[in-house]
Amino acid sequence: MKLDLLAIAAHPDDVELTCGGTLLKMAGLGYKTGILDLTAGEMGTRGTPEIRAREATKAAKLLRVSWRGTLGVPDSDVQPSRQHKFRLASVIRELRPKTVILPYWEARHPDHYHASTLGYEGCFLAGLKQLPLEGEPHRPFKILYATAYAPVRPTFVVDITAEFERRRRAILAFASQFHPPKSESRRQFKKTNVFLAIDRLQDEMNQLARHCGEMIGVQYGEPFLVKELIQVHDVVNMDVRSI
Ligand SMILES: [Zn+2]
């Protein structure tokens with residue numbers, strides 16, 4: 001399958017939280033989009049990998065992606081190793097995305113910053129003709145870094161006002177992360193205190209998207225950073241008011 005846009009992240013639900021609205025919006029424009037989860041999220045404190053897989057399928061449907069897959073890297077051990085890079089390069093050769101979204105390269109969780117490096121290097125390797133790897137060489141044209149939750153100024157923001165509600169449902173599809181499982185008592189669940197309460201998550205989600213939206217004068221937005229400059233063809237018709 002050939003994709004226009006592929007979002008790569010460490011754990012199932014990372015993509016939903018950082019660029020789900022943008023994926024949904026691009027699907028609406030007629031682009032073929034996809035999500036590659038590097039791990040199955042098996043170290044997640046809540047739920048099982050099977051539950052997470054079901055949730056990921058549900059979220060993918062909500063975001064209207066054409067493809068979702070798992071690379072099979074062990075959770076909490078995401079590394080830009082040769083083996084993982086080759087595996088990723090072969091997926092890139094198969095899917096041939098024009099644009100790739102990666103996590104921002106600085107983060108608290110090592111899986112997140114390693115996912116950024118692994119993603120970049122896998123995309124680079126995929127284009128090397130001499131690589132001992134099956135498939136036609138392919139290198140994505142553009143790499144965007146999703147900077148939601150990163151304390152950096154984004155290069156641009158995507159207006160996701162129309163997509164916000166559906167993105168919210170896609171995030172909440174990962175219910176096992178936010179609710180106590182039935183077998184566990186509420187008290188026990190409270191005691192472990194490792195979950196992110198669902199109301200707090202929603203608050204954070206709304207605030208962040210609203211803050212990014214404000215930066216470009218719309219209700220909700222998702223922030224991205226690119227390393228290159230952005231070329232402008234028409235300075236008379238540019239978005240976002242200055243004064
Ligand atoms: Zn994560």
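What you see below is based on every heavy atom in this structure, not just the backbone, and it leaves out hydrogens, waters and symmetry mates. Whatever order the structure lists them in is the order used to number ligands and atoms, beginning at 1. Keep in mind the model is a prediction, meaning the values are calculated, not measured.
Side-chain polar atoms of Q219 and R210 form no donor-acceptor pair below 3.5 angstrom.
For K142, the salt bridge (charged side-chain N to carboxylate O under 4.0 Å, His left out) partners two or more places apart in sequence, or in a different chain, are E228. Residues that satisfy the side chain to side chain contact (heavy atoms under 4.5 Å, CB included) test with L29, not counting sequence neighbours, are M26, Y31.
Applying the under-4.5 Å side-chain rule to Ile, Leu, Val, Met, Phe, Trp and Tyr, the cluster around W67 extends to M1, L3, L6, I8, L36, L38, L71, V73, V78, L88, V91, I92, L95, V100, L102, Y104, W105, L118, Y120, I143, Y145, V152, L225.
Protein atoms that are N, O or S and lie under 2.8 Å from the Zn ion (ligand 1) are these: H11 ND1, D14 OD1, D14 OD2, H112 NE2.
Of the possible polar contacts, one joining the D234 side chain to the N237 backbone as a donor-acceptor pair under 3.5 Å is found.
By the 4.0 Å N-to-carboxylate-O rule, K2 lies too far from E136 to be salt-bridged with it.
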